[in-house]
Amino acid sequence: MIFRQLFDSVSGTYTYLIASRKGGEALIIDPVLEKVDRYLQLVNELDLKLVKAVDTHLHADHITGLGALRDRTHCITVMGEQTLADVVSMRVTEGDRVAIEGLSLDVLYTPGHTDDSYSFLMGGRVFTGDTLLIRGTGRTDFQNGNPHQQYDSIFNKLLKLPDETLVYPAHDYKGDTVSTIGEERLFNPRLRVRSADEYADLMNNLKLPNPKMMDVAVPANVHVGLHQDEIARKGWAVSATEALALRGRPDIAIVDLREKGEREKHGTIPGSLHAPYPDLLENISAGGMLHELAAATGKRIVFYCAFGERSAMAVQAAQDAGLATACHIEGGIAAWKKADGPVAH
């Protein structure tokens, strides 16, 4: 396995690059915007293909690299379903898995630092974001933070993991790089409390200054800039209501770009084809399934995904590949459901 822990000294942020093998698919956790060139250089040097970029929560101390990585690699951006960030193309919740070739991360909802804080568990390692730090815990006094929720996340989820589980946080300001669940249970001063109320009292009286970047980072991370706006300006988008009228027409092929697990959990548009986003370039190239379907039948390809981000990128790629009538459903199946579109399970 390829595992790299990268550090941004300005914000004290750890970023993790993970792949099962050289030449394979990779994912990155908690990327920092200013370091994107470095990440992509490393991806290139290790002969990897970046397919997913994950943020553990909406960061307040740096601007996320999710948008830049999406634009430069067409990777899938992943965050928890509570997030306000508009750049996210796959939203996950407790019990889901974030999978790439040869690896998968189990998703744990661990709110408290923020209400969209998640941890990700992978084979004896847990990426805890700012929920559990090395000999510390993430502050709970802004972004819908809640010390009682954080107590529950730490004591009833993270500390239930095996003692030898390696703890990889999103930040460290002292130079520590890794800990274990057993170590934190024994030596983390914030965890020497007897109750949730005692923990809340401790957290509510820290009197910390706001992160230096907070006023810039939080709005920037919420509004990274929707890829969908640009696609709509080019006339390559249909609303969910317009898509309802297109469904079932013989000259239309509706194509679902989501992964199998998303389809099973959230349902599909009846009659739609399944062509997962990671296979897109193969499918729209000459000889590919969608390219040949459009060429042989004259059908218009209408892409959709969860919220419209992946399908917007797919439309641009399809147009670049010569599929001049390709478009997508703005807002994805989420918008389709709001428009009372039928859903098959």
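All heavy atoms count here, side chains included; hydrogens, waters and symmetry mates do not.
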Could you tell me if Asn221 and Thr64 have a donor-acceptor pair between their side chains, going purely by distance under 3.5 Å? no
same_hphob_cluster(Leu166, Leu132) at 4.5 Å side-chain heavy-atom cutoff: no
Taking all heavy atoms of Ile134 and all of Ser179, pick out the closest pair and write down the distance. CG1-CB, 3.9 Å
Does a side-chain heavy-atom distance below 4.5 Å link Arg247 with Pro270? yes
Matching residue for Lys52 among Glu101, Glu25, Glu259 - test: salt bridge (charged side-chain N to carboxylate O under 4.0 Å, His left out): Glu259
Could you walk me through whether Lys157 and Ile154 pass the side chain to side chain contact (heavy atoms under 4.5 Å, CB included) test, one step at a time? CA-CA 6 Å; Lys157 284 186 185 172; Ile154 294 170; over 6 Å; no
Quick one, Lys234 and Gln316 - any side-chain contact, counting heavy atoms below 4.5 Å? yes
Report yes or no: do Thr13 and His62 form a side-chain donor-acceptor pair below 3.5 Å? yes
Other residues, nucleotides and ligands only: do more than 12 of their heavy atoms fall within 6.0 Å of NZ on Lys174? yes
Distance-only, no hydrogens or angles: does the Asp8 side chain make a donor-acceptor pair with backbone N or O of Ser11 under 3.5 Å? yes
His291 and Asn283: side chain donor to acceptor below 3.5 Å: no
Do Thr83 and Asp116 pair up side chain to side chain, a donor and an acceptor below 3.5 Å, judged on atom types alone? yes
Without swapping roles, check the side chain of Tyr277 against the backbone of His74 for a donor-acceptor pair under 3.5 Å. yes
Which pair of heavy atoms, one from Ala243 and one from Val238, lies closest together, and at what distance? CB-CG2, 4.2 Å
Asp61 (side chain) donor-acceptor with Lys212 (main chain) under 3.5 angstrom: no
Might you work through the side chain to side chain donor-acceptor pair (under 3.5 Å) test for Asp71 and His227, ending with a clear yes or no? CA-CA 8 Å; Asp71 292 344; His227 206 273; 4.5 Å; no
Taking the six-membered ring for Trp and the full ring for Phe, Tyr or His, determine whether the centres of Tyr118 and Tyr109 are under 6.0 Å apart. yes
Hey, are Lys22 and Asp47 close enough for a salt bridge, meaning a charged N less than 4.0 Å from a carboxylate O? no
Is there a donor-acceptor contact under 3.5 Å linking the side chains of Thr110 and Ser119? yes
Is the Lys NZ or Arg CZ of Arg91 less than 6.0 Å from the centre of Phe307's six-membered ring, within 45° of the axis? yes
Strictly distance-based, threshold 3.5 Å: is any side-chain N or O of Thr165 a donor or acceptor partner for the main-chain N or O of Leu161? no
Evaluate the ring planes of Tyr199 and Tyr151, with Trp represented by its six-membered ring, and classify them as parallel (under 30°), tilted (30 to 60°) or perpendicular (over 60°). tilted
Taking the side chain from Thr73 and the backbone from Arg70, do they hold a donor-acceptor pair closer than 3.5 Å? no
Answer with yes or no whether the side chains of Glu330 and Ser239 bring together a donor and an acceptor at under 3.5 Å. no
If we ignore angles and hydrogens, is there a donor and acceptor under 3.5 Å between the side chains of Thr93 and Asp96? no
Taking the side chain as every heavy atom from C-beta outward, state whether Asn210 and Arg139 have any pair of such atoms under 4.5 Å apart. yes
Give the intermediate values and the outcome of side chain to side chain contact (heavy atoms under 4.5 Å, CB included) for residues Thr15 and Ile28. CA-CA 7 Å; Thr15 299; Ile28 197 164; 3.5 Å; yes
Within one Ile-Leu-Val-Met-Phe-Trp-Tyr cluster: Leu48 and Val36, side-chain cutoff 4.5 Å: yes
Regarding Thr114 and Ser117, do their side chains bring together a donor and an acceptor under 3.5 Å, going by distance alone? yes
Should the heavy atoms of other residues, nucleotides or ligands under 6.0 Å from NZ of Lys265 be counted, would the total exceed 12? yes
Please answer whether the main-chain N or O of Asp115 pairs with a side-chain N or O of Gln143 as donor and acceptor at a distance below 3.5 Å. no
Using distance alone, with no hydrogens and no angle criterion, decide if Asp152 and Asn156 have a side-chain donor and acceptor under 3.5 Å apart. yes
Keeping Gln319 on the side-chain end and Ala326 on the backbone end, is there a donor-acceptor pair under 3.5 Å? yes
Scan side-chain atoms only and decide if Ser89 and Thr77 contain a donor-acceptor pair under the 3.5 Å cut-off. yes
Check whether any side-chain heavy atom of Glu81 sits under 4.5 Å from a side-chain heavy atom of Val92, and report yes or no. no
Between Asn205 and Asp201 the two heavy atoms that sit nearest each other are ND2-O, 2.7 Å
Can a donor-acceptor pair be found, under 3.5 Å and without considering hydrogens, that links the side chain of Trp336 to the backbone of Pro342? yes
Ionic contact status for Arg4 with Glu45, cut-off 4.0 Å: no
Between the side chain of Arg300 and the main-chain N/O of Thr325, is any donor-acceptor distance below 3.5 Å? yes
Using the rule that two of Ile, Leu, Val, Met, Phe, Trp, Tyr join whenever any of their side-chain heavy atoms come within less than 4.5 Å, decide whether Ile301 and Met289 are in one cluster. yes
Are Met122 and Met1 close enough that some pair of their side-chain heavy atoms sits under 4.5 Å apart? yes
Assert yes or no for the condition that the ring centre distance of Tyr14 to Tyr168 is strictly below 6.0 Å. no
Side chains of His328 and Ser311: do they bring a donor and an acceptor to under 3.5 Å? yes
Quick one: do Arg190 and Glu184 make a salt bridge, cutoff under 4.0 Å? no
Minimum heavy-atom separation for Leu103 and Ala19, please, with both atom names. CD1-C, 3.5 Å
Say whether Asp130 and His171, considering side chains only, have a donor N or O and an acceptor N or O under 3.5 Å apart. yes
Apply the test salt bridge (charged side-chain N to carboxylate O under 4.0 Å, His left out) to residues Glu230 and Arg233: give CA-CA distance (whole Å), side-chain angles for both, the deciding distance (0.1 Å), then the verdict. CA-CA 5 Å; Glu230 186 61 29; Arg233 274 198 293 277; 2.5 Å; yes
Do Met313 and Val255 land in one hydrophobic cluster if side-chain heavy atoms of ILVMFWY residues count as linked below 4.5 Å? yes
Any side-chain heavy-atom pair from Thr128 and Leu158 closer than 4.5 angstrom? yes
Should Asp37 and Arg72 count as side-chain neighbours, where that means a heavy-atom distance under 4.5 Å? yes
Taking Asp172 for the side chain and Asp176 for the main chain, is one N or O donor matched with an acceptor at less than 3.5 Å? yes
Can you confirm whether more than 12 heavy atoms, excluding those of Asp141, are under 6.0 Å from its CG atom? yes
Please report the C-alpha distance between Tyr39 and Val32 in whole Å, then the side-chain angles of each, then the deciding distance to 0.1 Å, and finally whether the side chain to side chain contact (heavy atoms under 4.5 Å, CB included) criterion is met. CA-CA 9 Å; Tyr39 306 148; Val32 176; 3.6 Å; yes
Evaluation steps, side chain to side chain contact (heavy atoms under 4.5 Å, CB included), between Asp55 and Leu58: CA-CA 7 Å; Asp55 264 351; Leu58 193 77; over 6 Å; no
If you take all heavy atoms of Asp163 and Thr180, which pair is closest and at what distance? O-CB, 3.5 Å
Do Arg263 and Asp256 sit within salt-bridge range, that is, some charged N less than 4.0 Å from a carboxylate O? yes
Got a sec: does the CZ of Arg97 have more than 12 other heavy atoms crowding it under 6.0 Å? no
What heavy-atom pair brings Pro31 and Leu66 nearest, and what distance separates the two atoms? CG-CD1, 3.6 Å
So do the side chains of Val10 and Met213 get within less than 4.5 Å of each other, counting heavy atoms only? no
